[in-house]
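Because the structure is predicted, anything quoted here is derived from the model rather than measured.
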Amino acid sequence: MYTAHPDRYADMPYRRTGRSGLKLPALSLGLWHNFGPDRPVETQRAILRRAFDLGVTHFDLANNYGPPPGSAESALGEALKADFTPYRDELVVSTKAGYLMWPGPYGEWGSRKYLLSSLDQSLSRMGLEYVDIFYSHRPDPETPLEETMGALHTAVQQGKALYVGVSNYSPEQTREAARILAGLGTPLLIHQPRYSMLDRRPETSGLLDALDELETGSIAYSPLEQGLLTGRYLDGIPEDSRAASDSPFLDSDAVTGELVGKLRALNDIAASRGQSLAQMALAWVLREGRVTSALVGASSPQQLEDSVAAVGNLDFGSDELARIDEIVTK
């Protein structure tokens with residue numbers, strides 16, 4: 001029987017999510033990859049146990065995570081039952097709905113029928129009575145935002161979610177979603193955007209400014225840019241890398257000589273800080289406190305430990321930030 005480490009809260013910083021009472025760890029564990037039937041069950045459980053021992057209290061999922069879709073939630077459900085039943089009230093479990101899950105017109109996007117049906121399925125797979133955060137995974141261009149936000153509100157009213165969020169919404173859509181939810185009495189807790197040193201859209205689009213104005217939290221996904229910022233590509237494309245595997249998330253054509261040069265220059269800055277490139281990339285996303293938490297994946301407990309070590313140095317000098325900007329934007 002797993003027993004959590006007694007000092008699990010000693011080193012991880014926790015940040016308040018917007019104006020809510022909920023605090024998230026600076027680093028959260030995303031189950032987008034590495035959790036499904038193609039991975040050893042013991043490895044998956046070892047990652048989850050090590051995460052919790054290191055103070056990573058937030059496990060983030062979506063209905064379609066796997067592969068196949070739903071398998072990451074099922075894997076977490078088995079781990080929760082085996083290892084975490086005594087610790088449920090110390091965990092933040094989130095899931096999302098928005099992408100394709102089943103055939104026909106009600107199997108994706110943002111209708112009330114799809115969102116609430118999907119949440120029921122997610123809860124069943126995880127063996128939970130509620131999730132802590134339920135997200136609309138993407139905006140639906142054909143469904144009124146009032147319906148989508150109304151479904152999130154209903155999930156809270158039914159006791160199946162404690163908080164709600166959105167992901168991949170524009171600044172304008174986020175403001176409108178927050179307005180609708182506020183009118184219903186369910187605040188918009190958090191936004192989950194893609195954000196990294198190489199992907200500045202939350203800054204350039206004004207999304208971070210909108211979240212500041214709304215006092216809404218944020219949690220960044222792909223802060224390591226699908227592995228580009230882990231240091232694996234400093235000498236090109238490794239044979240066993242994601243870019244070499246025809247992954248839909250990272251095209252080998254993207255790993256150009258120019259990009260490799262930038263990665264090497266960023267790695268030099270990280271080394272001068274006493275960090276790996278991945279650690280600096282995570283610290284950069286978390287700088288200044290505008291981002292509540294950064295989502296990391298892990299294929300092993302050791303990889304997770306390396307990521308969590310980033311919280312040991314989250315401060316940047318103005319010269320470091322300027323040099324990073326110069327490298328990335330030139």
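Sorted by first then second residue, the salt bridge (Lys or Arg N to Asp or Glu O under 4.0 Å) pairs that include residues 126-155, not counting sequence neighbours, are R88-D132, E108-R138. Residue pairs meeting the side-chain hydrogen bond (donor to acceptor under 3.5 Å, both in side chains) criterion with at least one partner in residues 321-330, sequence neighbours excluded, are R200-D325, R323-E326. Counting only residues at least two apart or on different chains, no salt bridge (Lys or Arg N to Asp or Glu O under 4.0 Å) pair has a member in residues 15-24. Screening residues 299-320 for salt bridge (Lys or Arg N to Asp or Glu O under 4.0 Å), with sequence neighbours left out, gives R50-E305, R273-E320.
Between L266 and V328, the closest side-chain pair of non-hydrogen atoms falls below 4.5 Å. Residues N64 and L100 fail the side-chain proximity criterion, which asks for heavy atoms closer than 4.5 Å.
Under the side chain to side chain donor-acceptor pair (under 3.5 Å) criterion, E213 pairs with R175, sequence neighbours left out. Partners of E172 according to the salt bridge (Lys or Arg N to Asp or Glu O under 4.0 Å) rule, which considers only residues two or more places apart in sequence or in another chain, do not exist here.
Using the six-membered ring where Trp is involved, Y65 and H137 have ring planes that are perpendicular, over 60° apart on the 30 and 60° scheme. Classification of the F52-Y87 ring pair by plane angle, with boundaries at 30° and 60°, yields tilted. Taking the six-membered ring where the residue is Trp, Y14 and Y9 present tilted rings, their angle falling between 30° and 60°.
Partner L76 forms a side chain to side chain contact (heavy atoms under 4.5 Å, CB included) with one of M126, R45, K81 and no other, that one being M126.
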